[in-house]
There are 2 protein chains.
Amino acid sequence: MKSSDSQRATRPARAVTITEVATQAGVSTASVSRVLAGSRFVGSRMRERVLATVAKLDYHPNRLARDLRVGLRKVIGVIIPDLQNPFFPEVVHGVEAALYTAGYTLVLGHSGGLAERERTHLAVLRGEGVAGLILIPDSEREASYETLHSWDIPVVAVDRTPSGLEVDLVTSSNRVGAREATSHLLAHGYKTIALINGQKGVSVAQERLAGYQEALHAARVPLQEAFVIHSDFRQEGGRMAMCRLLDLPRPPRAAVVANNLMALGALQAIHERGLRIPDEVAIVGFDDMPWATSLRPPLTAVAQPAEEIGRTAAQLLLERLRSPGRLPRRVVLPTRLIIRASCGAHAPTGVEPVVVSAARKHGQTNKSVNSEYPAFKPPVPAGPGL
Amino acid sequence: MKSSDSQRATRPARAVTITEVATQAGVSTASVSRVLAGSRFVGSRMRERVLATVAKLDYHPNRLARDLRVGLRKVIGVIIPDLQNPFFPEVVHGVEAALYTAGYTLVLGHSGGLAERERTHLAVLRGEGVAGLILIPDSEREASYETLHSWDIPVVAVDRTPSGLEVDLVTSSNRVGAREATSHLLAHGYKTIALINGQKGVSVAQERLAGYQEALHAARVPLQEAFVIHSDFRQEGGRMAMCRLLDLPRPPRAAVVANNLMALGALQAIHERGLRIPDEVAIVGFDDMPWATSLRPPLTAVAQPAEEIGRTAAQLLLERLRSPGRLPRRVVLPTRLIIRASCGAHAPTGVEPVVVSAARKHGQTNKSVNSEYPAFKPPVPAGPGL
DNA sequence: ATGAAAGCGCTAACAA
DNA sequence: TTGTTAGCGCTTTCAT
C-alpha cells in the first residue's frame, strides 16, 4: 500500500509513526500517546480525533521504541531441549496460555540438548531484554549457568534442576510417581521389575530411580543392577534398553519406563520378539500421552500434568516479576498413576482407567493411597524371570 | 551484582550500556560500536581496550536500541494453531533450525484455532516489528487476513492455504498422499473404504478428500456419501467418526484417516468394539508419528515431512527477506506412504516398513510408483462391507 | 583511525 | 487538558 510497489526496497516499508498520526490529527505526539495509553486526562474531542486518525492511517505503535523508552519488556524467553518429545510442547502450551493472559509475548529457543545452542539463546534473549526466563535445562550437562548469575532477571526452571542455580523450580513428583508405578507392579506379584531410565546425570532420572528403589526396598525386593538401565529418553534408546533386558539370562517380567518416547521404544522391542504384554512382560510408562489408550493393550502410565507445569512456571515467573526479593520456591506438581492394561491389572470398567494417587502441590510428598487400589488378583506370572 | 540486593527494585537492574563501556575504556561510544560490529577501521590497541572493558563489565548490547536505530529486526513470528498435535511442534522444530542458522529469533504465538487470538498475536508481532511471519492458519475460518495486506512484511503460510492472501506457501502433497493411501487399500481388495477427514473448510481436508475421490474414481468404485466424515482433526473427533462408521448398517472394511490424532481416536473406537485390525477394519493414517511402529498392528500411514516443511518455510521467508519483489511461490513437499500392517499388507521384512512413492518438490505431482509394490495378496476380506 | 552529534519512535516530566 | 522537550541505547554520518 504505502510501499513503492514498483521498486521494492530491501527493507520493509517504514511503518506509520506516532509523529505522523500527531501531524495528521493536528495534535502533539504526547497527546496521541496519552490517548492510546488510555489516560484519563484527555478531552473527548481530542480522543476522537486521534482515534480516527489512528484508524485512518492504520497506525501500530512500535513496541521496541516504547519498551526502550520505558525500560520494560513484556516478553518472556522460553528455552526447551526437545521439540520432538511431545511432553515439552505441552509444557510450552501451558506457558503460552498463562503468558497470553498476562499480555506477555513468548520468545522460543530450542537447545536440542546442545550446551552451545543454549548459551547462544541465552545471549540473544538477554539482548532482546526479555523480562524473564523459563528454562528447561539441557539434558547433558546441567551446570554452567553462571551466565545467569550476572544477569539479573527472574528465571524459573522446569522439569529439571539446573545445578548451581538458585531459582524457582517446577517439577512433578517424579520420585513418588516412579515409586507408585513400581509398587503397583509389585502389588500385582511381579518380583523382577526393570527400570529403563534416562541419563544418569539428569535430575528427573535420579528422582525416578530413587522412587523405584524406594518401592523395591519397601517390598523387600533386592535391587538387581542389571535391571536398571540408563538410556537417553528417546525412542531408540528405549528400544535398545528393552532389548538388553530381554537378552538377559533371566529377563525381568515387568518394567517401568521413565518417559513416553522410551516406552514406545520398549514396546517396539517387545513386539519384535513376539512377546505378549502384559502376560510375558508388563509395562508401566511415564507421561500419559494421547496414544496410550490406542495401544493394545492400553498403556498404564504415570501421568505428568505437562500443561499445568508450564502454566505454573509462567505464573511463578509473573509473580516474581511483580515482587522480586522472594525466596526461590519449588513447586512439585502431582503425578497420577493411570492404570490400564499393560501393567497386568484389569481396569474395572472397560474404558475408563483407574487413577491412583497424587502428590500435593508445593513441595509436599504425597501419601500413598494404596487403599484406593481395587483388589486385583496377581497374574501369577510363570516364566523365566521368576 | 550491580543491583541493590538489599532493596530490590521492581524493575530489573539497568544493564550495562555502551556509554559505560566507552567511558571505562576512555573512548567514544562510536568506537565501541565499531569494534563490536567488527569494522575494519579500528586500531588494534583500541580493539583490545574495548574488548577488555566489554569483558570486564560483562556488557551485552541492547538489541532493542540497535534494531530501533537500524530499522531492522532479526526476528520472525510464528503462529501455530495447535500445540497438542505433534505435527506442529515438528514444523516449528524445522523452522527453528533454519532460523537459528540464519541468526534469527523466533517469537511464538499459539492461536488454538481461535480467530481472536490469532488477531491479537498478529498485532503484537507487528508491534514487535518482526521481519517476517510464518503462519499456520487457524482451522476455523481461514479468511480475514486483511490485516496482513496493510502490513508490508513477507509472510509464508504453512500447511493450510489462507484464503484471500497472496503469499508463499508450503504444504505437502496432500492430494497425492490421500490418493495413494486409498489406492493402496483398493489394490488390496478393499472396496468399502471410508475417509475420516478434518473440517470441511480447511484446505488440507479438501485436498485429502480430492485424493480419496480420485483413487476411488480411478478404480471405478462409487463414492458413498456416508463413508466420508468431516470431523475436527482431534482424537475424540476421530473416535466418534469411527463409531459412526461402525454403526452403519453396512460399515466400511477400511478407512483412511486424515491426521494422526484422529487415527488414534479411530483405533480406540475399533478396539472398544473388539474389532481386529486389519482383518475386520483396515486403517491407513496420516502423519508418521513415533508411535506408529509401537501400535499393534503397526500403523500404515502417509508420512508428511513435518520438519522439512518447517525448514522450507523458514528458508522461503529468509529468501524473500533478501529479495522481495519475487512472485509468491508454493512448495509442495512429497508425502510417503509407509506401509506397515494396519492396512492389511504384510511388510516384506518384519521390521522395516515399505516406503512408497513421493511427490517431487516445487509443485510437481508425483508419479505413482505402483511398480515398487511387492505383489501382495489381497486379504480378500469377507464381511458385511463387501 | 577516532570522536561529536543526530536521531530511530516512543513516553514522561515539566510547562503552560 | 494539552504541548514541548529530553532521552531510552544504539548506529552512523560527518568532521577531524
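Every chain is numbered from 1, with letters handed out A, B, ... down the list of sequences. Here the structure is a predicted model, which means the values were calculated and not measured.
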I'd like to check the salt bridge (charged side-chain N to carboxylate O under 4.0 Å, His left out) partners of [X]; sequence neighbours left out, ordered by chain and number.
X: A:R34; answer: none
X: B:D159; answer: none
X: B:R326; answer: B:E319

With sequence neighbours excluded, give me every ring pair (Phe, Tyr, Trp, His ring centres under 6.0 Å) pair touching residues 35-65 of chain A.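 Applying ring pair (Phe, Tyr, Trp, His ring centres under 6.0 Å) to every pair that reaches into residues 35-65 of chain A, excluding sequence neighbours, yields nothing.
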Nearest-Å distance, CZ (B:F41) to P (C:dT2)?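 Value for this atom pair: 12 Å.
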In this structure, how many angstroms lie between the P atom of D:dT2 and the CZ atom of A:R49, rounded?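 Distance, rounded to whole Å: 10 Å.
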Can you give me every donor-acceptor pair (side chain of residues 48-57 of chain B, partner residue at least two apart or in another chain, under 3.5 Å) with its distance?
from  : atom 1 : to    : atom 2 : distance (Å)
B:R49 : NE     : B:A25 : O      : 3.2
B:R49 : NH2    : B:A25 : O      : 2.2
B:T53 : OG1    : B:R49 : O      : 2.6
B:K56 : NZ     : B:Q24 : OE1    : 3.1

Under the rule for ring pair (Phe, Tyr, Trp, His ring centres under 6.0 Å), what residues qualify as partners of A:F88, not counting sequence neighbours?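 With sequence neighbours excluded, A:F88 shows a ring pair (Phe, Tyr, Trp, His ring centres under 6.0 Å) to no residue whatsoever.
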B:D168 with B:R330: basic N within carboxylate O range, under 4.0 Å: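 Judged by the 4.0 Å cut-off on N to carboxylate O distance, B:D168 and B:R330 do not form a salt bridge.
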Show every donor-acceptor pair shorter than 3.5 Å between a side-chain atom in residues 71-78 of chain B and any protein atom, with sequence neighbours excluded, or say none if there are none.
from  : atom 1 : to     : atom 2 : distance (Å)
B:R73 : NE     : B:D67  : OD2    : 3.1
B:R73 : NH1    : B:E128 : O      : 3.1
B:R73 : NH1    : B:E128 : OE1    : 3.1
B:R73 : NH2    : A:E128 : OE1    : 2.5
B:R73 : NH2    : A:E128 : OE2    : 2.5
B:K74 : NZ     : B:A102 : O      : 3.2

Shorter than 3.5 Å, N or O on both sides, protein versus nucleotides 7-10 of chain C: list them out with atom names.
from   : atom 1 : to    : atom 2 : distance (Å)
C:dG7  : N2     : B:R69 : NH1    : 3.3
C:dC8  : O2     : B:R69 : N      : 3.3
C:dG9  : N2     : A:A65 : O      : 3.2
C:dC10 : OP1    : A:Y59 : OH     : 2.5
C:dC10 : OP1    : A:N62 : N      : 2.9
C:dC10 : OP2    : A:I18 : N      : 2.3

Could you run down the sub-3.5 Å N/O contacts of the protein with nucleotides 13-16 of chain C?
none

